[in-house]
2 protein chains.
Amino acid sequence: MNNYTEILRQHNLKATPQRLEITNALYTSGHISIENLYDVMLKKFNSISLATIYKNINLMLEASFIQEVKIPNEKSVYELTKETHSHIICDSCGEIRDIELNLDSVISNAAQSSNYNIKKSALILSGTCKNCQ
Amino acid sequence: MNNYTEILRQHNLKATPQRLEITNALYTSGHISIENLYDVMLKKFNSISLATIYKNINLMLEASFIQEVKIPNEKSVYELTKETHSHIICDSCGEIRDIELNLDSVISNAAQSSNYNIKKSALILSGTCKNCQ
DNA sequence: TATTAAAAGATAATAATTATCCTTTAAGTT
DNA sequence: AACTTAAAGGATAATTATTATCTTTTAATA
Ligand SMILES: [Mn+2]
Ligand SMILES: [Mn+2]
Ligand SMILES: [Zn+2]
Ligand SMILES: [Zn+2]
């Protein structure tokens, strides 16, 4: 029983081999699309149904065990839920990297000028990574 | 010949009645989904094809005449291209509002810590608007 | 080990998007 | 103002993405 078993159960998700492998794929890749996840899963479960992928992704989303990241001009990717963070994407090689940025002052400015009570933020930056420059 | 005719042509898009109306719908609504756009268009062109909507949205995107806005947990919406801006969404009533925020310092921090050459940013804030609080 | 609700797999159904083909038309050209 | 033509529109088929249904299997608990 590895540590993911426990974490899945904490989210009221049965720790099936398929889910453990999805979790592993998410952990290993950091961010993964449905399509790529299916490919990865097929290597371990040669007859896994695509429906199983979708059902689990949706259940995991509902349980807030994972989160969707919507990237401009790209297919959505999914990641294990962690502390709030931003993303930075390389237009050239496609790398998706987590980045911790302090948005406090931006958010407080936004709250002031909009009169919104702001609860969440999603920031995606894009450009070229060191390698691709 | 209204002003949109000119702007469409500047983007190498023929100024058809359908495109003028799409443009008008985008202007009027600010941000609109494919589904809602189709509904709006049907009122003016009772036999417009959904394919026409998709084809035009894609052509307009390629021409950078419009842009897609991907909102967490929502369907994508489209808007006329304008100066870079952020978005703030009300979880309760669904309002999508433009907001101009200065992200310079956030971006320069990000550039420094990631070694990326950052070209674009997409920030979406969410919470509850004044009315819904 | 037995029980059972939930999950997996197969596959049908639906929704979203794109492709094809034929007709119409915007935008130049005469 | 009529002529030409590449592009656009409409109808609809095809493809892709996602969800629903149903039967079998299994994780979790007793
Ligand atoms: Mn991330
Ligand atoms: Mn906007
Ligand atoms: Zn790169
Ligand atoms: Zn509201």
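In what follows, chains carry the letters A, B, and so on, assigned in the order in which the sequence lines appear, proteins first and then strands, with residues in each chain numbered from 1.
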Once you round it to whole Å, what is the distance between [atom2] of [N] and [atom1] of [X]?
| X | N | atom1 | atom2 | answer |
| --- | --- | --- | --- | --- |
| A:R19 | C:dA6 | CZ | P | 11 Å |
| A:K14 | C:dA8 | NZ | P | 9 Å |
| A:F65 | C:dA7 | CZ | P | 14 Å |
| B:Y54 | C:dA15 | OH | P | 12 Å |
| A:M41 | C:dA7 | CE | P | 15 Å |
| B:L20 | C:dA26 | CG | C1' | 11 Å |
| B:L8 | C:dA27 | CG | P | 9 Å |

| Any chance CD of A:E68 has more than 12 other-residue heavy atoms, nucleotides or ligands included, within less than 6.0 Å? |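 Atom CD in A:E68 is crowded, with more than 12 foreign heavy atoms closer than 6.0 Å.
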| task | Select from A:K75 and B:I48 the residue whose nearest nucleotide in DNA chain D is closer to the 5' end of that strand. | result |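 Comparing both residues, the 5'-ward one is B:I48.
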| field | Toward the 5' end of DNA chain D, by each residue's nearest nucleotide, B:S47 or A:Q18 | value |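 The residue whose closest nucleotide sits nearer the 5' end is B:S47.
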| query | Think A:T52 has a side-chain N or O under 4.0 angstrom from the OP1 or OP2 of C:dG9? | reply |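 So the side-chain polar atoms of A:T52 do come within 4.0 Å of the phosphate oxygens OP1 or OP2 of C:dG9, strictly under.
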| message | Using five base pairs at each end to define the local axes, how bent is the helix from C:dT1-D:dA30 to C:dT30-D:dA1, to the nearest 10°? | response |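 That helix gives 40° between its end axes.
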| query | When only distance counts, do a donor and an acceptor, one from the side chain of A:K55 and one from the base of C:dG9, lie under 3.5 Å apart? | reply |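 Indeed there is one.
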| query | At under 4.0 Å between heavy atoms, what does A:A51 touch on the DNA or RNA strands: base, sugar-phosphate, or nothing? | reply |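 Answer is base: heavy atoms of A:A51 come under 4.0 Å of a base.
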| query | Can you pull the contact range of chain B along DNA chain D, 5' to 3', using atoms under 4.0 angstrom from its heavy atoms? | reply |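 Both ends considered, the range comes out as D:dA6 to D:dT12.
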| field | Ion pair check, B:D98 and B:K82, cut-off under 4.0 Å | value |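 Result for this pair is yes, salt bridge flagged.
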| Minimum heavy-atom separation for A:I71 to B:K70, with atom names? |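 That closest heavy-atom pairing would be O-NZ, 3.2 Å.
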